[in-house]
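Only one structure is covered here, and it is reproduced in the block below.
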Protein chains: 2
Amino acid sequence: MDERDVRLLKAIAELGTGSPERLHDETDIPVSTIHYRLSNLREEGVITNDRYDIDLEKLGLGVTVIVEVHADYEGSYEEFADRMLTVEGVTNVFFTMGETDFIVIARLSDSDMVERLIAEFEELEGVDRTDSTFVIAVIEERDALQSYELETLLEELTDD
Amino acid sequence: MDERDVRLLKAIAELGTGSPERLHDETDIPVSTIHYRLSNLREEGVITNDRYDIDLEKLGLGVTVIVEVHADYEGSYEEFADRMLTVEGVTNVFFTMGETDFIVIARLSDSDMVERLIAEFEELEGVDRTDSTFVIAVIEERDALQSYELETLLEELTDD
DNA sequence: ACTGAAAGGGCCAGAAC
DNA sequence: GTTCTGGCCCTTTCAGT
């Protein structure tokens, strides 16, 4: 995993495409080299399928933390949530009913980054209290559509 | 959204590819029709990019629930987690430190399905207690790579 | 390991049903 | 709305660096 690999994977995430040509426009890496690199990343198992899903463990972002955020903020919850999104590593932000106000999921590289993340959260304006849960093992992460039987999907989603 | 659309989207999720030819093998829908359908789904905003990411709201799975599962099970946590994965709608299962044993995220179509989901969980062998949190708004769901600046990624992931 | 150039194949418009 | 077909362009390959 060197600079070019990282630039490529980042470009794929940002552009939402794996098209060698478009990636070339973004990164200035020659098209055939892009193909060569992606092919290697596939063999290493970093890229897992044609949709360019990433194995975060192999990439080096295998640490997952779930943070409950209790907040008391001015303005809308969207504005406040946007501020939380500036914290690097945060992938999901849910605005929830019940005791907690937000539930946040973050992907990090190591324990040092966990500390950094919590510190950044505590410093955010409007954050009252955070309650962090360390994830020992990510059992599964799959698409919503994968989690259903075809029959159930047909019942629930089709409007005849 | 009719049966063919659902079959297509399901096939994309299962195969991990958007290749019209492979989708034809799986669904028996003619290649050109697949192209026609996918093109429409893109315009409707159901498919959001070249990587076939799905807008769950537009698809009809816009309800998100987070379930904390307290468990007392025989055997390994993997075995127990696999049983939870049989519940339709469950997309993420995290095995966690601290008070709760598992944190589960599920995507559902409506409130009726939330009831059904909770009921199914309570009936699972080894489940002690569940604590469900209803998500009012999903603020953001993004790739881990998107959540980082390129510079940070280069620092954290490259092994020179 | 990287690249440029050539070739093969899937993708996409258009017309027809 | 669906299907078929041909031309085109992107992807992929591979030999050479």
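Below, read A as the first sequence line, B as the second, and so on, with proteins coming before strands; counting in each chain starts at 1. In this text, all values refer to a predicted model and were calculated from it rather than measured experimentally.
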Heavy atoms only: give me the nearest [X]-[Y] pair and the separation to one decimal.
X	Y	value
R107(A)	I105(A)	NE-CG2, 4.2 Å
F102(A)	A81(A)	CE2-CB, 4.2 Å
R37(B)	D2(B)	NH1-OD1, 2.7 Å

Between T17(A), L38(A), L41(A), which is the residue that forms a side chain to side chain contact (heavy atoms under 4.5 Å, CB included) with Y52(A)?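 That would be L38(A).
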
Under a 4.0 Å heavy-atom criterion, the protein footprint on nucleotides 10-17 of chain C, written with B, S and -, is SSSS----

Report yes if the side chains of R83(B) and E125(B) come closer than 4.5 Å at any heavy-atom pair, otherwise no. yes

Can you check whether L9(A) reaches V6(A) side chain to side chain, under 4.5 Å on heavy atoms?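 No, side chains not in contact.
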
Name the nucleic acid region contacted by R22(A), choosing base, sugar-phosphate or nothing; use a 4.0 angstrom heavy-atom cut-off, strictly under.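 Touches nothing.
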
Can we say R7(A) and D28(A) salt-bridge, meaning some charged N sits less than 4.0 Å from an Asp/Glu carboxylate O? no

dT3(C) phosphate, OP1 or OP2, under 4.0 Å from Y36(A) side-chain N/O: no

To the nearest 10°, give me the bend of the helix from dA1(C)-dT17(D) to dC17(C)-dG1(D), comparing the axes of its five terminal pairs at either end. 30°

Reading DNA chain D 5' to 3', which nucleotide is the first, and which the last, to come under 4.0 Å of any heavy atom in chain A?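 That gives a stretch of dC10(D) to dT13(D).
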
Are I103(B) and V93(A) connected in the hydrophobic side-chain network, where two residues link if heavy atoms are under 4.5 Å apart?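 No; tracing contacts between hydrophobic side chains, which count when under 4.5 Å, never links both residues.
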
May I ask you to decide if A144(A)'s main-chain N or O and T91(B)'s side chain share a donor-acceptor pair within less than 3.5 Å? no

Aromatic ring pairing Y77(A)/F95(A), orientation class (parallel under 30°, perpendicular over 60°, tilted between):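 Ring orientation of Y77(A) relative to F95(A): parallel.
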
Measure CG/D2(A) against P/dA1(C) and give the value in whole Å, please.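 About 10 Å, once rounded to whole Å.
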
